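The block underneath contains the structure these notes are about, expressed in structure tokens.
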Amino acid sequence: MNLFLVLFLVLFPIVGAFITYILGNKTKYREVIAIGVTLIEFIVMVICLFTYKNIDNTVEFTKLFGLGLSFKLDGFRVLYSLISIFMWLMTVIFSKEYMHEYDNKSRFYMFYLLTLAGVVGVFLSNDLITTFLFFEFMSFASFFLVLHDEKEQAINGAISYLGVAVISGMILLMGLFMLNNRVGDLSFESIKAFYLVNSISSIDMVTGLLIMFGFGAKAGMFPLHTWLPKAYPVAPSNASALLSGIIKKTGVFGIVVIASNMFLGNKDFGLILLTFSSITMVLGAILALFSTNLKRTLACSSMSQIGFALVGLSMAVLLGEHNTLAASGSLMHLV
């Protein structure tokens with residue numbers, strides 16, 4: 001049952017994306033199809049919310065992509081996936097009246113649903129290889145949402161977005177190779193178990209910083225936040241809403257994973273994360289204050305809010321085993 005649920009949640013938006021594109025080019029009901037796909041996905045995730053405690057909630061595909069894929073249905077993952085799908089559903093419902101100004105609507109809805117598949121894959125992942133693969137898949141799909149207008153500003157903003165995504169992806173992959181060489185396995189449980197009995201070395205610190213900046217670029221964390229004010233204003237508003245509300249949180253998810261499983265109680269990493277998150281928090285607010293474009297203001301404000309969440313996470317790292325309140329506050333702020 002859990003195998004079916006995970007496969008459905010990850011693959012159904014991909015199948016639905018191509019159905020939407022094919023039928024959308026032949027009929028006028030592309031929005032209805034996109035709403036139907038997203039609604040079904042939402043209903044299945046609601047079912048998971050009430051049943052995940054009663055099933056074996058870990059699913060592994062050991063022979064895929066060499067290192068395999070691993071997913072898990074638990075409270076944290078189900079909650080964030082449910083919120084993501086709900087936002088996708090609300091956005092697509094209000095997209096019909098907005099998208100009449102644009103061409104290539106079928107293409108937009110295809111990449112809209114493909115991005116959803118990437119986001120769900122990230123939030124349900126149970127090892128960093130799975131997280132990375134769906135993280136990059138999501139970045140590629142969402143690039144076409146930013147590019148959709150195809151005007152000069154949209155092209156420049158999309159190129160900036162893709163450039164940061166590619167560079168951060170390479171930084172992240174380098175960190176994952178180093179971590180895999182150290183631990184031998186990139187599952188969240190294995191990383192946590194390894195660092196419960198092994199102290200953090202200087203190489204581990206470098207590894208952690210590479211992974212932090214790889215994920216932090218997507219989250220809009222300073223100094224890799226430069227794509228935000230360029231991509232937000234040029235993307236359609238329904239895409240900007242998802243960039244702000246959900247897609248950036250996938251980057252925070254990755255930082256949460258390494259902070260809670262690798263660096264819990266580590267003062268050095270906690271102070272580094274606190275420094276960059278504080279700058280992100282303050283700088284985003286200052287940039288929003290001086291912005292005269294509503295979408296740019298949203299981008300900068302969202303950057304500041306990510307900084308707030310990461311400050312809470314850095315407090316959780318610094319406090320170690322006494323981190324319950326800080327960790328809860330950070331995750332609640334993301335919600």
Side-chain angles (χ1 to χ4, degrees), residues 2-24 30-49 59-61 64-65 68-73 77-93 95 105-148 161-162 165 169 215 218 235-236 238-239 241-254:
N2 58 333
L3 175 62
F4 170 77
L5 287 174
V6 169
L7 284 176
F8 184 88
L9 289 167
V10 174
L11 296 180
F12 181 64
I14 298 176
V15 175
F18 291 104
I19 292 175
T20 303
Y21 183 77
I22 294 170
L23 295 182
R30 62 180 71 84
E31 292 88 359
V32 176
I33 299 170
I35 291 172
V37 170
T38 314
L39 179 61
I40 293 171
E41 182 88 351
F42 178 72
I43 292 171
V44 174
M45 186 55 76
V46 170
I47 294 172
C48 291
L49 180 65
V59 178
E60 295 183 349
F61 304 94
L64 284 177
F65 305 110
L69 297 177
S70 179
F71 302 93
K72 189 172 183 178
L73 293 170
R77 292 171 174 84
V78 170
L79 174 64
Y80 278 83
S81 299
L82 183 64
I83 292 172
S84 301
I85 298 169
F86 177 76
M87 284 193 63
W88 246 262
L89 178 61
M90 292 297 101
T91 306
V92 74
I93 288 174
S95 289
K105 299 182 185 66
S106 296
R107 185 189 70 186
F108 176 86
Y109 286 114
M110 179 179 72
F111 285 107
Y112 178 90
L113 292 175
L114 289 176
T115 304
L116 173 60
V119 169
V120 171
V122 168
F123 283 137
L124 294 183
S125 62
N126 194 41
D127 67 60
L128 284 173
I129 286 296
T130 306
T131 308
F132 174 78
L133 289 174
F134 280 94
F135 192 74
E136 294 303 300
F137 179 82
M138 176 201 68
S139 297
F140 174 77
S142 57
F143 161 76
F144 288 94
L145 300 182
V146 178
L147 181 67
H148 184 74
Y161 176 74
L162 184 63
F215 283 121
K218 182 66 68 185
N238 41 2
L242 297 175
L243 284 167
S244 171
I246 290 296
I247 293 177
K248 287 173 61 179
K249 276 55 170 196
T250 59
V252 179
F253 175 82

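FYI, the numbering just counts along the sequence from 1. It should be emphasised that the depicted structure is a prediction, and the values quoted were computed from it without experimental measurement.
Two residues are said to be in side-chain contact when any heavy atoms from C-beta on lie closer than 4.5 Å; Cys48 and Leu9 meet this criterion.
Taking Thr130 as the reference, Asp127 meet the side-chain hydrogen bond (donor to acceptor under 3.5 Å, both in side chains) condition, with sequence neighbours excluded. Residues satisfying the side chain to side chain contact (heavy atoms under 4.5 Å, CB included) criterion with Thr131, sequence neighbours excluded, are Val122, Ser125, Leu128, Phe188, Phe215, Phe253. Applying the side chain to side chain contact (heavy atoms under 4.5 Å, CB included) criterion to Phe12, with sequence neighbours excluded, gives Phe8, Val37, Ile40, Glu41. Listed by chain and number, the residues in a ring pair (Phe, Tyr, Trp, His ring centres under 6.0 Å) with Phe140 are Phe144 (sequence neighbours excluded).
In this structure, Thr115 and Ser142 approach most closely via the heavy-atom pair OG1-N, 3.4 Å. Shown here for Ala34 and Tyr109, the closest heavy-atom pair between the two residues is CB-CD2, 3.9 Å. Smallest separation of non-hydrogen atoms from Phe71 and Asn126: C-CB, 3.9 Å.
The line from CE of Met90 to CZ of Phe42 is 7.0 Å long, rounded to the nearest 0.5 Å. Taking OH from Tyr21 and CZ from Arg107, the interatomic distance works out to 8.5 Å, rounded to the nearest 0.5 Å. Rounding to the nearest 0.5 Å places CG of Leu113 at 5.0 Å from OG1 of Thr20.
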Could you please spell out the steps behind the side chain to side chain contact (heavy atoms under 4.5 Å, CB included) verdict for Glu31 and Val92? CA-CA 7 Å; Glu31 292 88 359; Val92 74; 5.8 Å; no

Between Thr91 and Tyr112, does the side chain to side chain contact (heavy atoms under 4.5 Å, CB included) criterion hold? Intermediate values first, please. CA-CA 10 Å; Thr91 306; Tyr112 178 90; 3.4 Å; yes

Side chain to side chain contact (heavy atoms under 4.5 Å, CB included), that's the test. Do Leu114 and Ile14 meet it? Break it down for me. CA-CA 5 Å; Leu114 289 176; Ile14 298 176; 4.0 Å; yes

Below 3.5 Å, can you tabulate the donor-acceptor pairs from side chains in residues 79-87 to any protein atom, sequence neighbours excluded?
from  : atom 1 : to     : atom 2 : distance (Å)
Tyr80 : OH     : Leu331 : O      : 2.7
Ser81 : OG     : Arg77  : O      : 2.8
Ser84 : OG     : Tyr80  : O      : 2.8

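Between Val119 and the options Phe134, Phe135, Trp88, a side-chain contact (heavy atoms from CB on, under 4.5 Å) holds for only Trp88.
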